[in-house]
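This report refers to the structure that appears directly beneath it.
Because only heavy atoms are used, hydrogens play no part in the values below, and waters and symmetry mates are left out as well, while side chains stay in. Residue numbers count from 1 along this sequence.
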Amino acid sequence: MLIQTIDASLIRRAFLAGANALDANKDIVNELNVFPVPDGDTGTNMTMTIMSAAKEVSALPEKPEMKALCKAISGGSLKGARGNSGVILSQLLRGFTKVIRDEEQVDVELLQAAFDRAVAQAYKAVMKPKEGTILTVARAGAEKAFAMSETTDNIIELVNSVLIYMEDVLEQTPDMLPVLKEAGVVDSGGRGLMYFLQGCYDVLLGKDVNTDITDRQPAAGKPQKKVKDTDSIHHVYCTSFVLIPKKPLTAKNEKSISEHLHSIGEEVRVDNEDECLSIHLHTNDPGMAIQRALTYGSLKKIRILNMREGEKDDAPGQEGSSGASSTQDSATDAPENTQKQDSQPEPEKMPHKENAFISVSAGDGISEIFRDLGVDIIIEGGQTMNPSTEDILNAINRLDADHIFILPNNGNILLAANQAKSMSEGQDVIVIQSKNIPQGVAAMVGFIDGVSAEDNETAMNEALSAIREGEVTYAVRDTSVDGHDIKKGDIMGICGKKITAVGTDVIETTVELIKSMLDEDSELVTLYYGEESSEEDAAQIASRVGLERLDVEFEIQSGGQPIYYYFISVE
């Protein structure tokens with residue numbers, strides 16, 4: 001089969017097929033994650049990133065102009081990028097489209113140049129690139145494309161050879177990263193990239209593929225009544241979905257979910273049906289409802305209706321958006337077809353101030369602590385649901401300040417925060433290097449009124465690096481990591497990036513973790529207990545450790561975070 005050039009129409013179909021291929025295999029990609037924590041997994045993050053772009057691409061004509069297509073791919077993925085893997089994927093797409101956007105046809109030579117630019121763009125976005133990751137797999141593809149472009153003018157032949165070589169390099173990633181070898185898996189981001197590219201390649205081969213991303217339809221026989229008096233609607237989006245929990249929900253879980261939904265909307269209904277929760281509400285931010293629900297499990301039957309328009313929008317969880325928030329695109333990468341809805345005015349700016357703060361948080365107690373420390377905007381998310389670049393960018397755009405400090409509070413959100421910083425216009429944005437909640441709290445405590453933004457950036461980063469942080473959660477899959485054979489459901493105590501305690505009892509494992517975190521200079525331990533723990537349990541843990549370390553003080557705070565039994569800070 002010979003194909004010497006491809007046009008925008010074929011690239012559009014290939015991109016949509018690749019997006020659906022990644023979506024169909026995201027659970028397989030998730031299973032490759034080395035750390036078995038209930039986290040914003042690689043497959044989920046990559047899928048939500050690509051679906052943000054796919055929605056923009058799908059809205060274009062079947063025969064689009066190349067420039068419009070490239071803007072949709074690049075702008076949609078940049079805004080919707082979640083997690084480090086999603087940000088890297090968005091940068092690969094950004095680099096690729098920069099090369100082809102001014103062309104009508106793409107040949108082998110141009111395709112090779114686009115591969116090369118994609119890899120350069122992605123490496124540039126990562127401060128300390130690691131080999132054995134998605135970056136390595138992508139670079140292998142660019143290298144093979146360069147070699148093949150000198151020997152063939154057949155795009156089919158080139159892409160086939162590129163994919164074979166990338167697959168071979170992917171299988172070698174365990175030899176490049178010891179943690180992959182110990183867990184017996186290949187790199188999850190690299191595998192996700194391969195699913196996407198294989199889906200694209202199937203279109204070139206003429207296979208019958210799925211390019212439809214708008215197949216979610218309202219339930220038959222239940223048409224939504226058209227609302228005529230739109231001015232009286234205070235919560236625009238009628239939102240409903242079914243939550244399938246990872247593990248049985250307690251009454252406390254259901255109460256927490258219900259309270260959160262009531263705090264962001266009205267007409268709330270939460271019904272327990274065969275151990276699943278059927279949820280309905282009217283809200284201005286469907287993304288917040290969906291993000292909280294995703295911390296407990298997976299979702300199905302997601303339906304969102306704009307009651308002012310009487311038309312269904314796609315679920316924010318699928319398009320990588322926070323829902324009702326308006327979007328500010330960069331001048332070069334914004335999709336041409338993206339327009340602000342008349343019914344959703346630009347959010348009002350907050351009053352001007354010298355320094356403003358944005359913090360990612362999970363749990364009502366943790367959020368309240370950040371507010372007490374002076375944080376202006378809380379973005380719900382963190383470990384269990386990584387916010388997108390657009391979520392962070394929208395928060396930036398609400399603030400009117402000389403300096404805006406962002407606390408990602410998760411290592412998997414740092415790249416998205418930096419990407420939002422680069423996309424913001426006319427704002428001095430400073431991303432603090434907080435990789436977890438205790439570090440975020442320490443950074444805010446380290447802020448000093450009356451000194452320059454540069455000095456405060458230094459002071460906040462020094463404050464967060466002065467503590468030792470830990471967290472306690474459960475394993476979502478069997479694996480071997482950090483010398484531990486871990487079974488699904490085991491309780492894990494994690495210090496930094498290392499699993500240091502594994503057991504079957506939360507209190508016992510937490511005690512073991514804290515003991516491992518203490519040294520002779522330790523003075524204060526702070527326990528932030530989650531929604532599935534209690535103040536009494538935290539006090540018992542403090543008492544048991546304190547009997548052995550009379551020189552250490554303990555502080556107990558209600559964090560209310562889901563999934564994580566405890567966040568721990570040692571100073």
Here the side chain to side chain donor-acceptor pair (under 3.5 Å) pairs for residues 500-518, sequence neighbours left out, are Glu508-Arg544, Lys515-Glu548
Which side chain to side chain donor-acceptor pair (under 3.5 Å) pairs, counting each pair once, include a residue from residues 362-373, with sequence neighbours left out?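 Residue pairs passing side chain to side chain donor-acceptor pair (under 3.5 Å), neighbours aside: Ser361-Ser367.
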For [X], ring pair (Phe, Tyr, Trp, His ring centres under 6.0 Å) partners two or more places apart:
X: His403; answer: none
X: Phe405; answer: Phe357, Phe447
X: Phe196; answer: Phe15

For Ala416, check side chain to side chain contact (heavy atoms under 4.5 Å, CB included) against everything at least two apart and list the hits. Val87, Thr389, Ile392
Under the rule for side chain to side chain contact (heavy atoms under 4.5 Å, CB included), what residues qualify as partners of Glu523, not counting sequence neighbours?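 Here no residue qualifies.
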Pairs flagged by ring-ring contact (aromatic ring centres under 6.0 Å, His included) wherever residues 246-281 is involved - sequence neighbours left out: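 Residue pairs passing ring-ring contact (aromatic ring centres under 6.0 Å, His included), neighbours aside: His280-His282.
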Assess the side chains of Glu254 and Asn272: does a donor N or O sit below 3.5 Å from an acceptor N or O? yes
Can Asn45 and Ser85 be counted as having a side-chain donor-acceptor contact under 3.5 angstrom?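 The criterion, which ignores hydrogens and geometry beyond distance, is not satisfied for Ser85 and Asn45.
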salt_bridge(Arg191, Glu171) N-O dist < 4.0 Å: yes
Please list all pairs passing the salt bridge (Lys or Arg N to Asp or Glu O under 4.0 Å) test where one or both residues lie in [range], with sequence neighbours left out.
range: residues 446-455; value: none
range: residues 483-493; value: none
range: residues 351-361; value: Lys353-Asp376

Could you check whether any side-chain N or O of Thr283 sits under 3.5 Å from a backbone N or O of Ile264, counting only pairs where one atom can act as donor and the other as acceptor?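 Checking the backbone N and O of Ile264 against the side chain of Thr283, a donor-acceptor pair under 3.5 Å is found.
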N/O donor to acceptor pairs below 3.5 angstrom from side-chain atoms of residues 526-535, sequence neighbours left out:
{"unit_1": "Glu531", "atom_1": "OE1", "unit_2": "Ser256", "atom_2": "OG", "d": "2.9"}
{"unit_1": "Glu531", "atom_1": "OE1", "unit_2": "Tyr296", "atom_2": "OH", "d": "2.9"}
{"unit_1": "Glu531", "atom_1": "OE2", "unit_2": "Tyr296", "atom_2": "OH", "d": "2.2"}
{"unit_1": "Ser533", "atom_1": "OG", "unit_2": "Tyr565", "atom_2": "O", "d": "3.2"}
{"unit_1": "Ser534", "atom_1": "OG", "unit_2": "Asp537", "atom_2": "N", "d": "3.1"}
{"unit_1": "Ser534", "atom_1": "OG", "unit_2": "Asp537", "atom_2": "OD2", "d": "3.4"}

Pairwise distance CG(Leu249) to CG(Leu243) - rounded to 0.5 angstrom: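 If I round to the nearest 0.5 Å, the distance is 6.0 Å.
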Any chance you could measure Leu177, atom CG, to Lys130, atom NZ, to the nearest 0.5 Å?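 Rounded to the nearest 0.5 Å, the CG-NZ separation comes out at 6.5 Å.
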Under 6.0 Å from the ring centre and within 45 degrees of the ring axis: does the NZ or CZ of Lys26 meet both conditions for the six-membered ring of Tyr195?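 No, Lys26 does not sit over the ring of Tyr195.
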Is there a salt bridge (charged side-chain N to carboxylate O under 4.0 Å, His left out) between Arg139 and Glu131 once you walk through the steps? CA-CA 10 Å; Arg139 192 183 72 234; Glu131 294 309 318; 2.9 Å; yes
